[in-house]
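Beneath this line is the structure, given in structure tokens, with notes to follow.
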There are 2 protein chains.
Amino acid sequence: MNKKRTTIKDIANELNISPAAVSKALHNDSRISTKTKAAVKRVAKELNYQPNHLASALRKGKSNLVGVVVPKTNSNFFSSVIEQLEAVLNKAGYNIIITQSNESFEKECKNIDTLLYTQVDGIIASMANETVDLSYYEKIKSNGIPLILFDRGENDLNVDYIGINDYESSHLIVKHLISKGCKRIAHIGGYKRTRIFNNRIKGYIDAIEKNNLPIDANLIIESSLTVEDGRHEMERLLELKNRPDAVYVASDNAALGALQVLNEHNIKVPEDIRLIGFGNEPFTSLVTPSISSIEQHSKDIGRLAAETFLKRIAEPELKQTLNKIILDAELIVRDSSR
Amino acid sequence: MNKKRTTIKDIANELNISPAAVSKALHNDSRISTKTKAAVKRVAKELNYQPNHLASALRKGKSNLVGVVVPKTNSNFFSSVIEQLEAVLNKAGYNIIITQSNESFEKECKNIDTLLYTQVDGIIASMANETVDLSYYEKIKSNGIPLILFDRGENDLNVDYIGINDYESSHLIVKHLISKGCKRIAHIGGYKRTRIFNNRIKGYIDAIEKNNLPIDANLIIESSLTVEDGRHEMERLLELKNRPDAVYVASDNAALGALQVLNEHNIKVPEDIRLIGFGNEPFTSLVTPSISSIEQHSKDIGRLAAETFLKRIAEPELKQTLNKIILDAELIVRDSSR
DNA sequence: TATATTTGCTTAATCGATTAAGCAAATGTA
DNA sequence: TACATTTGCTTAATCGATTAAGCAAATATA
């Protein structure tokens, strides 16, 4: 077993030239003869040379690593965003380090520290539900590396952001439900402190008012949007004297929980109550009845986030400003609201 | 904005001592006085010193990064394994780089190259469905860094492996179904070339024979186990003159597809046909009827994989041998087979 | 008191690749 | 022919932290 890895020095010795010449040859420097380049590349292959990334990263002051912070990778949305990030960034010579916050603020801070410590060249993040204190994100900015937010972002940070139009999504949903004859539309939403959920709530309220329906505080609920939350809040809605005839849930998981409860109570969906989720996770089309939902264009978001990062790296003189890319959301109508 | 980061040299200058002393003080070397250590740490804090990971990694010959290769992060199984890997390895000072193969052999090879190039100290992997050629994994071994496989592994590589007892799982399932009176049990499995799926098939066949039921080749199917495959293969099973009275599907996704088809055909589950999946993904308890499945103990697998890696690092003299940790699987009985 | 040991630091080499500076030979230009 | 430029390489410094080797002062031991 060859204990030691091949270095440029080994190649240099083999050919009786200097390591510097080898380095330049491998980078196709114009001041190296074609003959030498060929020889270097041949020997490099023979000795199975693998460049030492740490050494060049140290010397060049950049690691070619991009840190990614997401709440959890097990949703189709995040894994699909990550897939695109990887595809675009790999092509540009970057690798990504993925970390999960599990929706915990504390874990998120640890992850950011870890990434900064690993000398990443930039961070692409989507915030945990819990995150309100932005000091750790300010830390990234003051470190001088690009910070790109997606989906769960925050205007106050004044950085690049890519997401969908949450406010408009709510309008799409309410309009659709009203067109189906609904008059009492409930909203099981996320917490207002998270900007995207706040936008969905605001969109919901404005759309209801715009369509001359009354606002009923009992029909507007904030939660963490887990399956369990969906179950619990749906049970509560069913206890109301005046039940809703439609429920707009701000996540597919919570919508799934709500659907279970409706099924258990033998309430017909969509006939008795119409249901709409958010995120267009694959299971929405697989459950019975299938759940209408909002497509978030995860692939576009991933691609745009990666491209935005590369743009920042290419033009570091551009000063960081709030630069939002907002994609149009799309309502996918399925059986639960037909 | 402080362009330059603080280095040990800056601290050394501030205190008029050598950089070497600073390095030792920060590592609590016994040959540095308590006074100096305190001063160094105070100044390090004042100047907001962040150690340069690349430099120490280069010098020490290790990056403290561990590469992870999985087919896709969007299942609960893999994201849960990754969560545990991260937890255990972070505690030991390692960070992880996650890559997804998307079940593509080509992508998997690229990922491995990328990880080796990034100088990871080890690789923890679960193979893509497509992977048959093991040369890339041999490349990892010949690189001298530990390789740990989990779930989708391969005996021929002679490395550490952590997984559940697939063969025994099939026995559990068949036994359970027979206890419910089933006599024609079908198996929608994965491809035999993947060891775990082959073991499930062998376990299924042996269990059927052990219970004196006839083997019917029409009831044994190989596929990629996606939702679509589950749908398609279930349709085919329903076309048989002699329909099965139970279906054991080797993945939850495919089981979900099968369940959809059964629902669409108004075939009652479990009364007419019993159904069992594999993996215990959260949605199995959420669909109607809920799907019986095999719990794979993802958290244990993640923890054990991480610990195995750390053991290899701690005792590099131990020579790589086939070292399998096989966990007992657990059958979770739900409505689809009750 | 004379010698041995310990303490607390410094010096300098090192990890491997990159790159500014420089030099000799080859080639071009007047 | 005399000088300028280009070509093709070498030398040596550098990135920042670590560490073997060494040295002087302080302390211990006989």
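Letters A, B, ... are given to chains in the order of the sequence lines, protein chains preceding strands, and every chain is numbered from 1.
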Quickly work out the B:Asp29 CG to C:dC9 P distance and round it to whole Å.
10 Å
Answer with base, sugar-phosphate or nothing: what part of the nucleic acid does B:Ile17 contact at a heavy-atom distance below 4.0 Å?
sugar-phosphate
From CG of B:Asn52 across to P of C:dT14 the rounded distance in Å is 21 Å
Can you tell me the distance, in whole Å, between the NE2 atom of A:His27 and the P atom of C:dT18?
4 Å
A:Ala21 has its side chain closest, among C:dG16, D:dA17, D:dT10, to D:dT10
Value in whole Å for how far the P atom of C:dT18 lies from CG of A:Asn28
13 Å
Distance test, side-chain N/O of B:Ser23 to OP1/OP2 of D:dT18, below 4.0 Å
yes
Answer yes when A:Glu315 and A:Lys311 have at least one side-chain N-carboxylate O distance shorter than 4.0 Å, and no when they do not.
no
Could you state the atom-to-atom distance from CG of A:Leu58 to C1' of C:dC15 in whole Å?
9 Å
If you pin B:Lys60 and B:Ile32 to their nearest nucleotides in DNA chain C, which one's is more 5'?
B:Ile32
Measuring to OP1 and OP2 of C:dG16, would you say a side-chain N or O of A:Thr7 lies under 4.0 angstrom away?
no
If you check every side-chain atom of A:Ala20, which of D:dA12, C:dA12, C:dG16 has the closest atom?
D:dA12
For DNA chain D, whose closest nucleotide is more 5', that of B:Arg31 or that of B:Ser56?
B:Ser56
Taking it one step at a time, do A:Ser104 and A:Asn102 satisfy side chain to side chain donor-acceptor pair (under 3.5 Å)?
CA-CA 5 Å; A:Ser104 147; A:Asn102 293 318; over 6 Å; no
Using a strict cut-off of less than 4.0 Å between a Lys/Arg side-chain nitrogen and an Asp/Glu carboxylate oxygen, indicate whether A:Arg5 and A:Asp10 qualify as a salt bridge.
no
Nearest whole Å is fine: how far is C:dG16 P from A:Asn13 CG?
13 Å
Which whole-number value in Å describes the distance from A:Gln119 CD to D:dG16 C1'?
10 Å
B:Arg59 or A:Pro51, whichever maps to the more 5' nucleotide of DNA chain C:
B:Arg59
Can A:Glu108 and A:Thr131 be counted as having a side-chain donor-acceptor contact under 3.5 angstrom?
yes
A:Ser33 vs D:dC9: side-chain N/O to OP1/OP2 distance below 4.0 Å
yes
Side chain A:Lys24 and base D:dT10 donor-acceptor under 3.5 Å:
yes
Contact under 4.0 Å: B:Thr36 side-chain N or O vs C:dC9 OP1/OP2
yes
May I have the distance from B:Leu54 (atom CG) to C:dA17 (atom C1'), rounded to whole angstrom?
13 Å
Test item: A:Ile326 and A:Lys324 side chains (from C-beta on) under 4.5 Å apart, heavy atoms:
yes
